[in-house]
Amino acid sequence: MDAIRSDAYTLVNVFTPKPGETDRFLDLQLRETAALREGAAQKGWLGNEVYRARDGKWVIVVTRFADAGAQRGWAANPAFAAHLDRIGPLLETVESIPVDQVARHSGAVAPDRPLSLGVIVGSTRAGRFADRPASWIAAKAEGAGFDVAQVDLRDFAMPFLGDPAATKAQQAAAQAFADKVSTFDAYVFTVAEYNHAPTAVLKNALDHAEWARKPAGLVGYGGVGGARAVEHVRAIAAELEMVAMQTAVHIPFGDYLAISKGEARIDRLDHLERSADKMLAQLAWWARALQAARSREESLVPA
């Protein structure tokens with residue numbers, strides 16, 4: 001342990017968002033304060049660190065200023081006061097605690113943690129085919145080093161987005177889904193094609209959560225390998241600020257029938273294996289790149 005003396009003025013700010021408002025608050029906080037960065041630096045802001053509690057109950061921002069006077073000057077800034085007025089309605093409480101750093105501990109550098117990957121099972125129909133490609137791509141992703149969890153839309157009875165007749169149970173399911181998928185670094189979606197489009201439950205699930213600045217892989221099946229549905233999901237992903245991989249897996253109708261009848265195994269079809277390997281390699285690269293970019297962006301935002 002090395003004792004450290006610092007003249008920096010440090011605040012630990014603990015924000016408690018109102019139920020269901022954590023992601024909205026965090027997005028507003030990051031976007032608005034990013035615009036104030038230059039002015040904050042001129043007034044003695046040194047930087048900050050932003051943390052989100054895994055259960056979504058708190059957002060913690062550790063902010064450092066050159067001295068206490070710099071902090072008071074920044075707090076008196078009218079633009080900052082207006083920012084506080086805008087985020088206020090999303091919060092239950094805010095607590096700011098002045099602290100002094102007394103020590104720093106260091107040790108061996110830990111290896112990068114595995115990238116977390118959510119495999120979203122994008123169909124809820126009885127007798128669905130989706131379980132087969134979902135289990136296959138999940139196993140391949142684990143072999144490629146991802147920490148994988150399957151997320152089955154059957155487990156989340158969400159209402160249609162904005163439905164005024166939604167029950168509290170449906171609203172809770174939608175929030176649970178949004179909280180679940182927010183924990184992943186990357187996603188793979190199984191995309192069934194019905195009537196030249198993806199399933200309604202997949203589109204609705206995409207509408208219920210935040211996916212920005214994270215990569216997505218797509219495994220399509222059906223007529224022409226689900227290509228029309230996959231292209232539809234690519235357009236939705238772009239609007240949601242996701243990065244869809246250049247390579248997708250397309251299971252053509254002939255393979256779909258053979259696999260469904262037990263006449264072929266998905267993991268023994270070389271053309272599908274090759275596409276999956278290429279897609280997962282792209283997904284890993286983009287997941288690391290976007291993870292680093294998000295970390296840099298958050299570290300530059302003043303509270």
Side-chain angles (χ1 to χ4, degrees), residues 23 30 50-52 54 108-122 130-153 177-192 198 202 205-206 209-221 225-227 229-251 255 265-299:
D23 290 336
L30 295 178
V50 182
Y51 301 88
R52 181 187 190 277
R54 292 190 175 183
V109 177
D112 290 341
R113 65 170 178 82
L115 292 163
S116 59
L117 174 67
V119 176
I120 315 298
V121 185
D131 294 311
R132 302 188 189 194
S135 296
W136 165 69
I137 201 67
K140 286 190 68 67
E142 287 180 349
F146 286 93
D147 181 8
V148 182
Q150 290 193 46
V151 180
D152 192 338
L153 295 185
F177 176 75
D179 291 342
K180 177 69 174 178
V181 299
S182 71
T183 64
F184 297 115
D185 299 310
Y187 310 97
V188 170
F189 299 90
T190 68
V191 183
L202 178 56
L206 287 165
E210 295 292 334
W211 314 87
R213 301 179 183 89
K214 292 183 180 180
L218 304 172
V219 179
Y221 57 90
V230 164
E231 289 307 304
H232 194 163
V233 174
R234 285 186 190 277
I236 297 167
E239 181 61 22
L240 295 173
E241 297 186 57
M242 280 192 282
V243 178
M245 298 302 93
Q246 180 269 339
T247 298
V249 178
H250 296 280
I251 303 173
D255 290 341
R265 282 180 45 171
I266 192 169
D267 60 346
R268 293 185 179 176
L269 296 174
D270 289 343
H271 55 290
L272 299 181
E273 286 279 306
R274 289 193 298 270
S275 294
D277 289 339
K278 185 175 181 181
M279 182 186 74
L280 290 172
Q282 293 172 355
L283 198 66
W285 190 95
W286 277 104
R288 287 288 182 208
L290 292 170
Q291 181 188 62
R294 292 193 306 273
S295 297
R296 286 196 301 272
E297 180 182 74
E298 291 175 3
S299 70

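Taking CD1 of Ile137 as the reference point, atom CG of Leu283 lies at 9.0 Å (rounded to 0.5 Å). A distance of 5.5 Å separates CG of Leu272 from CG of Asp255, quoted to the nearest 0.5 Å. Residue Lys140 holds its NZ atom at 3.5 Å from CG of Asp277, rounded to the nearest 0.5 Å. Distance CD/Glu273 to CH2/Trp136: 6.0 Å, rounded to 0.5 Å.
A search for side-chain contact (heavy atoms from CB on, under 4.5 Å) contacts involving Ala134 returns Val119, Val121, Gln150, Thr190, not counting sequence neighbours. Scanning for side chain to side chain donor-acceptor pair (under 3.5 Å) contacts around Ser182 gives an empty result, with sequence neighbours left out. For Asp147, the side-chain contact (heavy atoms from CB on, under 4.5 Å) partners are Pro114, not counting sequence neighbours. Take Ala205 and apply the side-chain contact (heavy atoms from CB on, under 4.5 Å) test, not counting sequence neighbours, and it matches Leu153, Met158, Phe177. Listed by chain and residue number, nothing satisfies the side chain to side chain donor-acceptor pair (under 3.5 Å) test with Glu241 (two or more places apart in sequence, or in another chain). Qualifying side-chain contact (heavy atoms from CB on, under 4.5 Å) partners for Glu142, counting only residues two or more places apart in sequence or in other chains: Val148. Taking Asp23 as the reference, Arg52 meet the salt bridge (Lys or Arg N to Asp or Glu O under 4.0 Å) condition, with sequence neighbours excluded. Legend: residues meeting ring pair (Phe, Tyr, Trp, His ring centres under 6.0 Å) with Trp286, ordered by chain and number and at least two apart, are absent. With sequence neighbours left out, the ring pair (Phe, Tyr, Trp, His ring centres under 6.0 Å) criterion links Tyr221 to Phe129. Glu210 pairs by the salt bridge (Lys or Arg N to Asp or Glu O under 4.0 Å) definition with nothing, not counting sequence neighbours. When the side chain to side chain donor-acceptor pair (under 3.5 Å) test is applied to Arg274, no partner is found at least two apart in sequence or on another chain. Looking at residues two or more places apart in sequence or on another chain, you find no side chain to side chain donor-acceptor pair (under 3.5 Å) involving Ser135.
Of all non-hydrogen atoms in Ala248 and Arg234, the two that sit nearest each other are CB-NH2, 3.6 Å. Across all non-hydrogen atoms, the minimal contact from Leu240 to Trp211 is CD1-CD1, 3.7 Å. Across Ile266 and Pro133, no two heavy atoms sit closer than the pair CD1-CA, 4.0 Å. Ala178 and Ala209 get closest at one heavy-atom pair: CA-CB, 4.0 Å. Nearest heavy atoms, Ser275 versus Thr247: O-CG2, 3.6 Å. Nearest heavy-atom pair, Leu202 versus Gly122, reported as atom, atom and distance to 0.1 Å: CB-O, 3.8 Å.
Within the 3.5 Å criterion, the main-chain N or O of Asp179 finds no donor-acceptor partner in the side chain of Thr183. Arg294 places a side-chain N or O within 3.5 Å of a backbone atom of Arg213 that can act as its donor or acceptor partner.
Between Leu206 and Met242 the shortest side-chain heavy-atom distance falls below 4.5 Å. Counting heavy atoms from C-beta outward, Arg132 and Ile251 have side chains that stay 4.5 Å or more apart. Side-chain atoms of Lys214 and Asp185, non-hydrogen and from C-beta on, never get closer than 4.5 Å to each other. At least one side-chain heavy atom of Leu115 sits less than 4.5 Å from a side-chain heavy atom of Arg288. A 4.5 Å side-chain heavy-atom check between Leu218 and Met245 finds every atom pair outside the cut-off. The side-chain heavy atoms of Val188 and Val249, taken from C-beta on, include no pair separated by under 4.5 Å.
For the side chain to side chain contact (heavy atoms under 4.5 Å, CB included) with Val151, the qualifying choice from Phe189, Tyr187, Phe184 is Phe184, the only one to do so.
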